[in-house]
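Structure, as structure tokens:
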Amino acid sequence: MRIIPPPARGVIPGCPVPTPSVPYAMPVAVRFAPSPTGRLHVGNIRLALINWLFARQQGGTVQLRLDDTDTERSEERFADAIRTDLRWLGLDWDREDRQSDRLARYAEAAEQLRRIERLYPCYETPEELGLKRKAALAQGRPPIYDRTALRTDATGRDKLEAQGRHPHWRFKLAQGAIVWNDLVRGPVRFEAADLSDPVLVREDGRPLYSLSSVVDDGDFGISHVIRGEDHVANTAVQVQLWQALEMPVPTFAHLPLLTDAGGQGLSKRLGSLSVASLRDDEGLEALAINSLLARLGTADPIEPVAHLNALVPGFSFDRISRSPAKFDREDLRRLNARVLHSLSHDAVTDRLATLDLQALDAHFWQAVRNNLERFSDVRSWWAVARAPVQPVIEDAALLTVAATLLPAEPWDDGTFGLWTDAVKAATGKKGKVLFRPIRLALTAQEHGPELKRLLPLIGRDRVVARLHGQTA
Ligand code: GLU
């Protein structure tokens, strides 16, 4: 059990700073609660990552909770994809639960709320509610539910039922201020009067998000609810719900949302920002995605890490800014290259084996890794060393001399220097005039891995042929 110090944050004038609602001694337990209605995207996984980093740092636990009470939109293939994506990112979890298994428990909690008269039946149709909203907005009033149903007596309800209407159920908010000390936002205050009584149970009896989420957080001992700031108003009503159900209120951290480099919300392009497309279509490294998302929206430099665990010690809610965090794909691409450049051969041995190419040993990895933007680029450098290359000949005379001066094998990283020194002595050429024709002949490319490392990988026979302009 760890002691979590209270957040050091500025105080909003006039806002009382409440003590955190969860006793500090409560074991740290977090949850990541995606709805299996689509693929995980960068916004989701940033939240998954932050939850994970905090839990691992505090010695706490992570729950993967599938919010699948929306049976029309939830699909098993999405649940599977969520697990696959999280595993690929290295974000493990200690327990998994799904809300569809707990419907009886939510019904019981709803009953508890009915008994204490905090859940009341409402009969308005969506159209009627829409009209009420419009009327309120037209009169310059906030579109808050007017509690008509609370004033409807038993006879009125019987009448509505006789018309074939079935109620949905709203939670009756208690008047007064709702305050909490957010680990990212600092003190937050809502007036209950500014909020609509939320619907917790649908007409068909199914629970809605706030009910199932609060019951789960309570039952599973969630100490910290870490989610996007789009949930701040939900939190306000949920605080009262935990209190009504006599459950401890967790500590909250609401993270600013991600925007694109131009400051626009990411929601429209989420498809292309799914973990699956970053992995499968763009061939990006999990470590690059994690390194970027862990630091996005903080003042800390974005550095590649060699292992996910390296991000754990430096994590702190205090570092997270309240302004939106910009997600720039170019940053991700650059970081991806830097991650690859720092990976040891041991870290990629298994992946190299899956490419099923000969002689992808440690020497090869050392030779090419600094020239990779994506892991799959390994294939093209392998082809330069091992598959036929049609050389580009720029200075045939120089290359002919160079071919005659090639040392006998075995070759190592020192061979290239000895060889080119000899060519320099024989031809008087040096620098670009010497090295460019050699590189073009050996690789048919202007840039690439260091030739001293590449030369032994290409081998003498191919080098001789390429210097003579032959495809080899
Ligand atoms: N399923 C909800 C969502 O994805 C969970 C929100 C929460 O963290 O409470 O928005």
Side-chain angles (χ1 to χ4, degrees), residues 21-22 28-55 60-76 78-79 81-83 85-86 91 93 95-103 106 109 171 178 180 182-185 188 190 198-200 202 206-242 245 247-258 265-267 270 273-275 293 317 320:
S21 22
V22 167
V28 168
V30 302
R31 83 303 196 274
F32 173 54
S35 304
T37 54
R39 304 295 303 245
L40 293 182
H41 53 75
V42 284
N44 304 133
I45 53 176
R46 174 165 171 257
L47 291 168
L49 174 66
I50 303 291
N51 270 289
W52 186 91
L53 288 172
F54 178 66
T61 55
V62 179
Q63 176 192 33
L64 170 61
R65 189 183 89 195
L66 295 172
D67 285 3
D68 60 350
T69 53
D70 182 346
T71 42
E72 280 122 46
R73 293 175 56 228
S74 299
E75 290 184 41
E76 206 45 45
F78 291 132
I82 286 169
R83 291 185 205 98
D85 291 347
L86 290 174
L91 305 176
W93 55 98
R95 64 173 298 156
E96 178 180 328
D97 296 277
R98 45 199 317 159
Q99 293 197 322
S100 55
D101 290 340
R102 293 177 38 82
L103 296 177
Y106 309 138
F171 177 57
I178 302 166
W180 72 87
D182 198 286
L183 295 180
V184 175
R185 300 170 72 82
V188 180
F190 277 85
V199 179
L200 296 189
R202 304 189 343 168
R206 270 189 282 166
L208 279 164
Y209 155 71
S210 275
L211 178 62
S212 46
S213 187
V214 162
V215 170
D216 283 356
D217 289 338
D219 285 356
F220 294 117
I222 298 302
S223 64
H224 292 74
V225 168
I226 303 164
R227 56 188 172 196
E229 68 180 12
D230 50 332
H231 282 290
V232 171
N234 287 335
T235 296
V237 303
Q238 291 176 10
V239 164
Q240 285 209 359
L241 200 44
W242 274 296
L245 292 169
M247 288 170 155
V249 179
T251 299
F252 302 101
H254 290 92
L255 271 78
L257 300 181
L258 293 186
L266 285 184
S267 51
L270 287 183
L273 294 173
S274 69
V275 182
L293 292 179
F317 285 113
I320 299 176

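Order of listing sets the numbers, starting from 1, for every ligand and every atom in it. Atoms considered below: every heavy atom in the structure, side chains included; atoms not considered: hydrogens, waters and symmetry mates. If you read the sequence from its start, that first residue is 1, and numbering goes on from there.
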Proximal atoms of ligand 1 relative to [X] (non-hydrogen, under 4.0 Å):
X    : answer
S213 : 9 (O)
S35  : 1 (N)
A33  : 1 (N), 2 (C), 3 (C), 4 (O), 5 (C)
D67  : 1 (N), 2 (C), 5 (C)
R227 : 7 (C), 8 (O), 9 (O)

*asked:* Suppose we measure from atom 10 (O) of ligand 1 to each protein heavy atom; which comes out shortest, and what is that distance?
replied: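 The answer is H231 NE2, 3.0 Å.
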*Nearest protein heavy-atom contact for atom 8 (O) of ligand 1: which residue, which atom, what distance?*
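Answer for atom 8 (O) of ligand 1: R31 NH1, 2.7 Å.
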*Hey, are the side chains of H254 and R227 touching, using non-hydrogen atoms and a 4.5 Å cut-off?*
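Yes, close enough: below the 4.5 Å cut-off.
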*Measure the shortest side-chain to side-chain distance between L40 and F32 over non-hydrogen atoms and say whether it is less than 4.5 angstrom.*
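When only atoms from C-beta onward are counted, F32 and L40 do touch, with a gap below 4.5 Å.
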*Please round to the nearest 0.5 Å and tell me the distance separating atom CD of E229 and atom CG of L257.*
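Here the rounded value is 4.5 Å.
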*salt_bridge(R102, D219) N-O dist < 4.0 Å*: yes
_Q99 and side chain to side chain donor-acceptor pair (under 3.5 Å): which single residue from S213, S74, S212 fits?_
S212
*Proximity of Y209 and H231 rings by center, below 6.0 Å*: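 Y209 vs H231: aromatic centres under 6.0 Å.
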_Would Y209 count as a contact residue for ligand 1, given that I'm defining contact as a non-hydrogen atom of the residue lying under 4.0 Å from a ligand atom?_
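Contact present.
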